[in-house]
Each structure stands twice: as structure tokens, then as C-alpha cells.
K.L.:
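Dumping the structure here so I can ask a few things about it.
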Amino acid sequence: MPKTADIRLPDPSRWKALAFIALAQLMVVLDATIVNIALPHAQTALGISDANKQWVITAYALAFGGLLLFGGRIADLWGRKRTFVVGLIGFALASALGGAAQNQGMLFGSRALQGVFGALLAPAALSLLAVMFTDARERAKAFGIYGAIAGGGGAVGLILGGFLTQALNWRWTFFVNIPFAVVAALGAYFVIREPAGSRNRSSLDIPGVVLSALGLVSLVYGFTRAESAGWSDPLTIGTFIASGVLLLAFVVTESRVSSPLMPLRVLLDRNRGGVYLSLGLAIIAMFGLFLFLTYYLQVVRGYSPIRTGFAFLPMIAGMITGSTQIGARLMTRVPARGLMGPGFLAAAVGMLLLTQLEIGSSYTLLILPAQLLLGLGMGTAFMPAMSLATHGVEPRDSGVASAMVNTSQQVGGAIGTALLNTVAASAATAYATSHAALGATDPELLKLQAMVHGFTGAIWWAVGILVVASAIALTFINAGRPAMAATGGASGSGDADGVEDEFKVPVVAH
């Protein structure tokens, strides 16, 4: 008797749903940079000390990074739509609290709450895409849009943050999240129809939740502290050791419990593992670049916050073009590594151009083409990475698989900010010491030259990191191009690598 593969009819409202999912993702990504622009003004208004100002960023990073796996599992357990809406409402309320903050405690608390609800929202958004878009071509377009937002939203945040801070005041960098969240939540409630039978109703792995949260919080905090206290600081070293022990205990626990928070079958698949690792490395390079270019344009070149934001537009344009016009169009014709490997290399070439930065470098002749190459390369690589990271997993695991994408980005961002900033500071100090004679005659010039020298030294590291990310994508990822026909979702019963399940065409077996 013939056996027909399970083919799920596509959701007729899936494209409308994508609009609201993309809006929510944009809000989360914007928040990562929009607050940075407003931080000096918030610090002055609330009387936050220099020693404590880092907690505006750190409180969010710790809560978000530490709870992402838990948020992904909650999405699988509660349902992705419900988790998505709850995350949006909570994020809006936390943003309102931040905008109304009267002291530093309220501001820090609101940022931590934003991180908690962001950890629910982000994995739910990506896993909704994973279970709603099953046709290869449509999936390519959907993830192209999502990848462009994930990559370029941070730069948009610089523009919006600069405009709101200058035109209104710093509080609006929080209040602006409320209309985003309300529109996305209402749209999700009325439009999104989550496919039936895709929940994972297994009991919650409490030891896994505790160990993963503490391990990831320790890891993120270690890199955050290293930036301010140094890598040799005893507490920094102790935090890294604690993180290693906790995460090792987490892996051991997950291999033994019946209903793990993070099924190792998701993590150990060579394609998804390659995506998580290469994507995390690429984010290290990107976060460092955002930091250095922002300081270069504002401090060295004297750009206003708004002008600085607009100076990042070529990168946004490149990312959108790379995701929607290159990655999405070629994804059904070219294997994922054929896009990710060259994409990361193109980004590395763009980064290489920026190693030539000097105090008076031309924006048009150097920074603009470098940003275009970076955007095109990263956009082209991000799109298949986002898709492959969740394609082929069992529907009941899509939440935690999505959470791992966000975790690799969050941890990569923390590492990039701390590692590259430390490299830049060391290089700047060494330059200032070796050019002490200049400091005696023109201390301001020496300060700027040392700063730029530090930036270019760290950007060389970013170039190397992107080359390594490209090599990992080309080596680890061996999945073929996606099937051109609609797929019915992964059953998880394919070969050991999971490749055949992820990319096979539904057939009628006799």
C-alpha cells in the first residue's frame, strides 16, 4: 500500500504573520543599540555614576542571554504564539517602566525585565517562522527578510536613538518600544495560526533551566566584566571558571534526563553546530565594528548622533540586498555553505578596508564601500544561517533550536564588545607610550591618533575572526540545497547528520 509523506498545507495568513514577527524582531534588535545612544543623557539625568552606567547594558544582557534557552523551551511548551504575545506585552511594560524611571534602580530593573521578556519573545519569533514556512522558496524569502532585520536592525537603532535623543529626550528610546509591541501583539493575536501538534508537552527540566541560566549569565558577565576590570581580574577569572563548570554540568545533565531542556540531538547536528559557531563568531566581529565606527565617527570626526546613525545606512542597504536579493534568490539553487562561506569572506574584505582608517579618512572613498561589502556579505550569510539553524529539527524542538541562534548572537555580542574593546585599548595605550614626544606638543592629536590606531588593531582581529567563521561554515556545513517542493516539516527520522530530513523532496513510497 502506498505511503504518502506528510505534507502540511501552508497557512494562508503566513505572510501577514511575517510582518508582525518581523516588527517584533526589529524592536528587539533596535533595543540593543538604541539605548547606547541615549546612555550619556540618561546617566546625567538620573545621576548614575561612571562605575554603574554599564549596568544599563549589562542588566539586559545578563537576563536575555541567561534565559534564552529557557524561553525557547517555554515556547515549545506553552505554544509559540502565546509565548510571543506574552513576551511582547511584557517587553512593552518593561519599556514603559524604563522610560518613567526616576532613579538608577528603576532603570536597571526595567532593563533586566526587558531581557527576561526578550528571552521569551526572540526564540518564539524565529520558531514561528520555522513551523509556518515549509516551502523552500517561501522559506528563503521569509528568512531573507528576517535575516536582514536581524543584521541591519542594530544600525537602524543608531539612527532612531540619535533622532529621539536629540529631538525629544532619552526617555523616548524606551517609550518607542510600546507602539512596536502593541501593534505586533495585536497582529499576532488575530493573524498567527500556529500549526497543530507542534508543541512539546514534556515536563520542564528544572535542573537544566538552573544550570543553563547560571552558566550563561556567568559567561556573559565574565566578558562584560573583563572589558572594565581586565582579563586578569580575580573575579573575572572566577566567573569564567564557574561558567565552564556550570555549562559542563548542564551538558552532562541533558544527556541523562528524559526530557532535556536542550536535546543534544539539536546541538550536535554538524550543520546546526556549524551555523551556531560561525554565526557567533561573525557577531563578535560585527559588534566590535559597530562600537568602533560609532566612536570614530562621533569622537574623531565630530559627527552628531543623528548623522552617525545615517552614516550606517550603506551597511543596512547592503544587508537588505544581501539577504533578500542574493541569499533568498540563491538559497534554493546553492548549498548553504556556498552562501555562508563566501558571504563571511566578503564581509572580511570589507572589514579589511577599515584597517586603513586614519583620522582624516574619506567617508565616501573608504568607509562607505567597506560598509557596503560588510552588509552584502553578512546579509548573504545570515539568511541561510537563520534558515538552516531551525530547518530539519522536530517541530517540538524548534523553540530551543531558535533559542540557540539567539544565544550564539548574544554571547557573540558580549565577547565581541569585551574582547575587541580590550584589544583596542591595549593597542591605543602602546601607541601613546611609543609616541610620547607627540603628546608633549599636541596631546589632543596624540589621543585621537592612539584611538584610531587601537580601532584598526582590533579590526584586524575582526578580519581574522570572519575568516575563521567562513572556514567553519565551509567545513562543518554539508547540507545540500533545499528541496524545491513544499516540505511537511522535519520528522527527525533521517540519517545521522540530519541532512536528508532537512532537504528531501516529499515523495510517495511504494
Side-chain angles (χ1 to χ4, degrees), residues 58-80 82-84 86-87 90 112-124 126-127 130 198-225 235-269 272-273 275-277 280 389-390 393-412 414-415 492 498:
T58 304
Y60 178 86
L62 293 180
F64 187 71
L67 295 175
L68 273 168
L69 288 179
F70 176 63
R73 179 65 182 87
I74 289 295
D76 289 335
L77 180 64
W78 283 0
R80 294 154 193 88
R82 180 184 300 175
T83 306
F84 184 69
V86 168
L113 280 175
Q114 280 185 313
V116 170
F117 288 105
L120 289 176
L121 172 60
L126 186 54
S127 58
S198 61
R199 292 192 191 179
N200 183 348
R201 300 182 184 275
S202 303
S203 58
L204 192 60
D205 171 22
I206 299 299
V209 170
V210 173
L211 289 170
S212 67
L214 291 177
L216 288 171
V217 164
S218 297
L219 184 63
V220 173
Y221 180 68
F223 281 106
T224 302
R225 182 173 176 81
L235 183 54
T236 301
I237 296 171
T239 303
F240 282 129
I241 293 173
S243 173
V245 171
L246 288 165
L247 292 177
L248 179 61
F250 170 68
V251 172
V252 173
T253 300
E254 299 308 275
S255 68
R256 295 182 178 180
V257 298
S258 57
S259 302
L261 173 70
M262 167 52 71
L264 296 184
R265 61 179 176 271
V266 174
L267 191 60
L268 297 179
D269 174 85
R272 283 188 289 276
V275 167
Y276 298 147
L277 187 55
T390 55
V393 298
E394 299 178 33
R396 64 194 179 100
D397 292 334
S398 64
V400 291
S402 302
M404 275 303 301
V405 177
N406 289 282
T407 300
S408 66
Q409 291 177 308
Q410 184 65 26
V411 173
I415 295 173

K.L.:
Ala63: which residues meet the side-chain contact (heavy atoms from CB on, under 4.5 Å) condition with it, sequence neighbours left out?
P.N.:
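Once residues adjacent in sequence are excluded, the partners of Ala63 under the side-chain contact (heavy atoms from CB on, under 4.5 Å) criterion are Val116.
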K.L.:
Can you name the nearest heavy-atom pair linking Leu120 to Gly71, along with the distance?
P.N.:
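It is CD2-CA, 4.0 Å.
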K.L.:
Report the residues that fulfil ring pair (Phe, Tyr, Trp, His ring centres under 6.0 Å) with Phe84, sequence neighbours left out, ordered by chain and then residue number.
P.N.:
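Partners of Phe84 by the ring pair (Phe, Tyr, Trp, His ring centres under 6.0 Å) criterion come out as none, since no residue qualifies.
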K.L.:
Determine all donor-acceptor pairs shorter than 3.5 Å in which one atom belongs to a side chain in residues 238-252; sequence neighbours excluded.
P.N.:
unit_1, atom_1, unit_2, atom_2, d
Thr239, OG1, Leu235, O, 2.6
Ser243, OG, Gly215, O, 3.1

K.L.:
Going by the rule side-chain hydrogen bond (donor to acceptor under 3.5 Å, both in side chains), which residues pair with Thr236 if we only count those two or more places apart in sequence or in a different chain?
P.N.:
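By the side-chain hydrogen bond (donor to acceptor under 3.5 Å, both in side chains) rule, Thr236 matches Asp233.
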K.L.:
Going by the rule side-chain contact (heavy atoms from CB on, under 4.5 Å), which residues pair with Val209 if we only count those two or more places apart in sequence or in a different chain?
P.N.:
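With neighbours one apart ignored, the set is Phe70, Leu204, Leu261.
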K.L.:
Search all heavy atoms of Thr83 against all heavy atoms of Ile74 and return the closest pair with its distance.
P.N.:
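Heavy atoms only, the tightest pair is OG1-O, 3.6 Å.
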K.L.:
Could you give the distance from OH (Tyr60) to CG (Leu113), rounded to the nearest 0.5 Å?
P.N.:
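That separation rounds to 12.0 Å.
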K.L.:
If every non-hydrogen atom of Ser212 is compared with every non-hydrogen atom of Leu69, which pair is closest and at what distance?
P.N.:
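Of all heavy-atom pairs spanning Ser212 and Leu69, the closest is CB-CD1, 4.0 Å.
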K.L.:
Taking all non-hydrogen atoms of both residues into account, name the closest pair between Arg80 and Ala124 and its distance.
P.N.:
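Minimum heavy-atom separation between Arg80 and Ala124: O-CB, 3.7 Å.
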K.L.:
Kindly indicate, with the supporting measurements, whether the criterion side-chain contact (heavy atoms from CB on, under 4.5 Å) is fulfilled by Leu68 and Leu216.
P.N.:
CA-CA 9 Å; Leu68 273 168; Leu216 288 171; 5.7 Å; no
